[in-house]
Number of protein chains: 2
Amino acid sequence: MDEECCDMRGMLGFLILFLVSKKPMHGKEIADEIIKRKGEKPSPGTLYPAIKNLREAGFLDEVKEGKTITYTLTPSGKKALTVAKRKFCKIFLGVFP
Amino acid sequence: MDEECCDMRGMLGFLILFLVSKKPMHGKEIADEIIKRKGEKPSPGTLYPAIKNLREAGFLDEVKEGKTITYTLTPSGKKALTVAKRKFCKIFLGVFP
DNA sequence: GTAATTATATCGGATGACCGATATATATAA
DNA sequence: TTATATATATCGGTCATCCGATATAATTAC
């Protein structure tokens, strides 16, 4: 419990999946987008394992070009995101203005 | 990482604060509302410590009537919720349809 | 008055999200 | 070619969330 009453821990995988669904990205782009939204940079030790989990769950495909790896959603990832979004919206109904 | 790609761990305090902001409630009512939203019941060992944290942070006032305790937001709790909601909306911008 | 039910509370332990430091590999600069 | 910067990845450890079991206290049922 931080001073802002919640740390929103446990939402990183969901957020990554959502971000990649809007546009295929590589890790650095995902990190930058999270900085814009959360105001703080996720540690590489946080971000890349989270990406790896999504990949191992079959939710992300990767295309390696040189040193960058671009991630896209698999069909299974799209489905998982749909389910998670529906759940998310139901839980937090009314929070958004 | 569960099969739905996120467990939304770390959001319970925020959710409780939001629910109580809409209507003063006691613990059982909060639990029932969470069941409706998440589809599963929070363990008492989860719910009551979370409430206690919010109370000790100065975000909740309590009025005891018999065996039930009704919680309301303190001014500080209202302010914390406002800050947390703004943060939440910024992070998850675009997730809601 | 005793038993059963309900609401609140605590405890120990497990899980896993997260961070900082560090490692590797590719690309760029000098 | 050597040095630097960038992108990705891993490891060890910490901390908070969460659960199941259990406890307390008040209410209701009998």
Side-chain angles (χ1 to χ4, degrees), chain A residues 1-20 24-35 37-57 59-72 84 87-88 91, chain B residues 1-17 19-20 24-35 37-57 59-72 84 87 91:
Chain A
M1 179 74 51
D2 68 6
E3 59 184 1
E4 283 154 340
C5 96
C6 65
D7 61 3
M8 298 181 192
R9 177 180 293 238
M11 305 299 293
L12 185 59
F14 175 68
L15 188 55
I16 293 171
L17 215 54
F18 169 69
L19 293 176
V20 173
M25 296 192 207
H26 55 266
K28 185 61 181 356
E29 285 178 310
I30 294 171
D32 290 343
E33 185 63 29
I34 290 174
I35 293 173
R37 287 170 175 261
K38 295 191 71 164
E40 60 192 63
K41 180 179 178 171
S43 159
T46 300
L47 181 61
Y48 288 102
I51 291 174
K52 187 185 178 191
N53 286 339
L54 292 169
R55 190 161 38 77
E56 287 178 349
F59 296 160
L60 293 182
D61 266 339
E62 58 178 41
V63 176
K64 186 166 186 177
E65 295 169 275
K67 73 182 162 186
T68 69
I69 299 177
T70 300
Y71 301 97
T72 55
K87 181 177 164 188
F88 177 87
I91 293 176
Chain B
M1 177 73 52
D2 68 7
E3 59 184 2
E4 282 153 341
C5 95
C6 66
D7 63 359
M8 298 181 191
R9 176 183 292 236
M11 304 297 294
L12 185 59
F14 175 68
L15 187 56
I16 293 172
L17 215 54
L19 293 176
V20 172
M25 297 192 206
H26 54 268
K28 185 59 182 355
E29 284 178 310
I30 294 172
D32 289 342
E33 186 63 30
I34 291 174
I35 293 173
R37 288 172 176 258
K38 296 191 71 167
E40 59 193 65
K41 180 178 178 172
S43 156
T46 300
L47 182 62
Y48 288 102
I51 291 173
K52 187 184 178 190
N53 287 339
L54 293 169
R55 190 161 38 78
E56 287 177 349
F59 296 160
L60 292 182
D61 265 339
E62 56 177 41
V63 175
K64 185 166 186 175
E65 294 169 276
K67 73 181 160 183
T68 71
I69 299 176
T70 301
Y71 300 97
T72 55
K87 182 178 166 190
I91 293 175

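All chains are named by letter (A, B, ...) in the order of the sequence lines, taking the proteins before the strands, and each is independently numbered beginning at 1.
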* Partners of B/Asp32 by salt bridge (charged side-chain N to carboxylate O under 4.0 Å, His left out), sequence neighbours excluded? -> B/Lys28

* Structure fact -> dist A/Leu19:CG -> A/Leu12:CG (nearest 0.5 Å) comes out at 9.0 Å

* To do: Please state how far atom NE2 in B/His26 lies from atom C1' in C/dT6, giving the value in whole angstrom units.
  => 10 Å

* Rounded distance in Å - NZ (B/Lys41) to C1' (D/dG20) -> 12 Å

* Between CG of B/Leu60 and OG1 of B/Thr70, what distance do you get to the nearest 0.5 Å? -> 11.5 Å

* **Nearest-Å distance for atom pair CD/C1', residues A/Glu56 and C/dG16** => 15 Å

* Asked: OG1 of B/Thr72 to CD of B/Glu62: how many Å apart, nearest 0.5 Å?
  -> 9.5 Å

* Asked: Of the nucleotides D/dT8, C/dT8, C/dG20, which has the atom closest to the A/Ile69 side chain?
  -> D/dT8

* Asked: Taking atom P of C/dA7 as reference, at what distance in whole Å does atom CD1 of B/Ile35 sit?
  -> 11 Å

* Structure fact -> 5' to 3', nucleotides 22-30 of chain C under a 4.0 Å protein heavy-atom cut-off (B base, S sugar-phosphate only, - none) gives ----BS---

* Structure fact -> When rounded to the nearest 0.5 Å, the distance separating CD1 of B/Ile30 from OH of B/Tyr71 is 7.0 Å

* Output the single nucleotide from C/dA7, C/dG20, D/dA9 whose closest atom is nearest the side chain of A/Ser43. => C/dG20

* Rounded to the Å, how far apart are B/Leu12 CG and C/dG16 C1'? -> 17 Å

* Asked: Just how far, in rounded Å, is C1' of C/dA17 from CE of B/Met11?
  -> 14 Å

* So what does B/Gly27 touch, heavy atoms closer than 4.0 Å: a base, only the sugar-phosphate, or nothing? -> sugar-phosphate

* The side chain of A/Thr68 lies closest to which of these nucleotides: D/dC19, C/dT8, D/dT8? -> D/dT8

* To do: Enter the distance from B/Arg55:CZ to B/Ile16:CD1 here, rounded to the nearest 0.5 Å.
  => 11.5 Å

* Contacts of type ring pair (Phe, Tyr, Trp, His ring centres under 6.0 Å), residue A/Phe88, not counting sequence neighbours -> A/Phe14, A/Phe92, B/Phe88, B/Phe92, B/Phe96

* To do: Nearest whole angstrom, please: distance from the C1' of D/dT17 to the CG of B/Leu47.
  => 13 Å

* To the nearest Å, give me how far apart OH (B/Tyr48) and C1' (D/dA25) are. => 13 Å

* Would you say a side-chain N or O of A/Lys52 is under 4.0 Å from OP1 or OP2 of D/dA9? -> no

